[in-house]
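Each chain gets a letter, A, B and so on, in the order the sequences are listed, and its residues count up from 1.
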Amino acid sequence: MAAFIFKNEPDDYSLQDLKRDGSVAWNGVRNYGARNRMKQAEEGDLVFYYHSGISKPAIVGTARISKAPYPDPTQYDEDSPYFDAKATEDEPRWWTVEIKFESEFDSPVTLDAMKDVEELADIEVLRQKRLSVSVVTPDEANWITNAGSADAP
DNA sequence: GCCAACGTTGGC
DNA sequence: GCCAACGTTGGC
């Protein structure tokens, strides 16, 4: 199973918002790198939810892909800030997935903490900090899951 | 197809 | 609020 990190500013939409709503369509990704990664997602894949743009950026919990990639409807909506005049129904430019809340970490895994870890030396989120959707290897996913649990040292 | 200018993200 | 990194746009 694949795993990803989805970044968002908590002021915009936080993990607590997702917990409240249950699930959400991850609309509005308008970056090709992020889009390409999102398109690899399959239902059931693991998503680490990352809060960015705050004093202590961190992975704060997990979600699951609850709906496989499909064309982002906002690209066709002229009233949406995500409207894209070059997108057509036949050839969508932008894709989205739906994610559902899974868990809130007992101990958030901070960016600071991840930087010092040998196991995460190559993790994409550290190498390409501007990417809002990045991939996580199984080993990296295990490390993060462990670090987020209450028993973590 | 290249590259300069510009815009955006995100850490600090 | 600043700045580095890097993605995107548009002129040529």
Side-chain angles (χ1 to χ4, degrees), chain A residues 2-21 23-41 45-65 69-99 101-137 139-148 152-153:
Chain A
F4 302 86
I5 291 175
F6 281 28
K7 288 187 192 174
N8 208 17
E9 298 187 17
D11 282 354
D12 180 23
Y13 194 84
S14 69
L15 182 69
Q16 288 70 36
D17 293 327
L18 179 61
K19 187 177 184 180
R20 181 198 63 214
D21 295 344
S23 68
V24 73
W26 207 248
N27 292 341
V29 171
R30 293 294 180 269
N31 169 286
Y32 288 106
R35 180 206 64 179
N36 293 344
R37 284 159 182 77
M38 207 163 53
K39 275 185 86 172
Q40 303 169 18
D45 282 352
L46 180 61
V47 173
F48 292 107
Y49 204 99
Y50 179 101
H51 283 170
S52 67
I54 53 177
S55 60
K56 294 261 179 200
I59 297 172
V60 292
T62 64
R64 291 279 165 181
I65 303 287
Y70 61 99
D72 182 341
T74 62
Q75 68 193 307
Y76 308 125
D77 178 1
E78 287 187 46
D79 296 328
S80 166
Y82 305 122
F83 175 69
D84 186 340
K86 292 179 183 157
T88 65
E89 302 268 351
D90 285 344
E91 287 190 52
R93 284 183 128 190
W94 305 112
W95 297 71
T96 188
V97 294
E98 195 180 278
I99 63 172
F101 176 82
E102 181 170 83
S103 74
E104 199 169 346
F105 278 167
D106 293 309
S107 54
V109 181
T110 64
L111 177 63
D112 252 11
M114 291 194 285
K115 282 179 185 167
D116 295 332
V117 175
E118 196 180 338
E119 290 90 330
L120 303 182
D122 292 327
I123 194 169
E124 193 170 54
V125 72
L126 292 182
R127 285 188 293 119
Q128 273 188 263
K129 63 179 190 178
R130 293 192 51 209
L131 209 49
S132 65
V133 175
S134 62
V135 296
V136 179
T137 67
D139 285 350
E140 291 163 352
N142 285 338
W143 191 92
I144 295 166
T145 301
N146 261 333

Next on the checklist: So A/His51 and A/Asn8, do their side chains get closer than 4.5 Å, heavy atoms only?
Outcome noted: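 Result no, sub-4.5 Å side-chain heavy-atom pair not found.
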Next on the checklist: For a quick check under 3.5 Å, do A/Glu140 and A/Thr137 share a side-chain donor-acceptor pair by atom type?
Outcome noted: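 A donor-acceptor contact under 3.5 Å links the two side chains.
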Checklist entry - Applying the side-chain hydrogen bond (donor to acceptor under 3.5 Å, both in side chains) test to A/Trp94, which of A/Asp84, A/Asn27, A/Asp72 qualifies? => result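 Answer after filtering A/Asp84, A/Asn27, A/Asp72: A/Asp84.
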Checklist entry - What orientation do A/Phe48 and A/Phe105 show, parallel under 30°, tilted 30 to 60°, or perpendicular over 60°? => result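 The rings of A/Phe48 and A/Phe105 sit tilted, inter-plane angle from 30° to 60°.
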Checklist entry - Which parts of nucleotides 6-12 of chain B does protein reach within less than 4.0 Å, heavy atoms only, written one letter per nucleotide 5' to 3' as B for base, S for sugar-phosphate only and - for none? => result -BBBSSS
Checklist entry - Would A/Leu111 and A/Leu126 count as a side chain to side chain contact (heavy atoms under 4.5 Å, CB included) if you check the C-alpha gap in whole Å, the side-chain angles of each, and the deciding distance to 0.1 Å? => result CA-CA 8 Å; A/Leu111 177 63; A/Leu126 292 182; 3.4 Å; yes
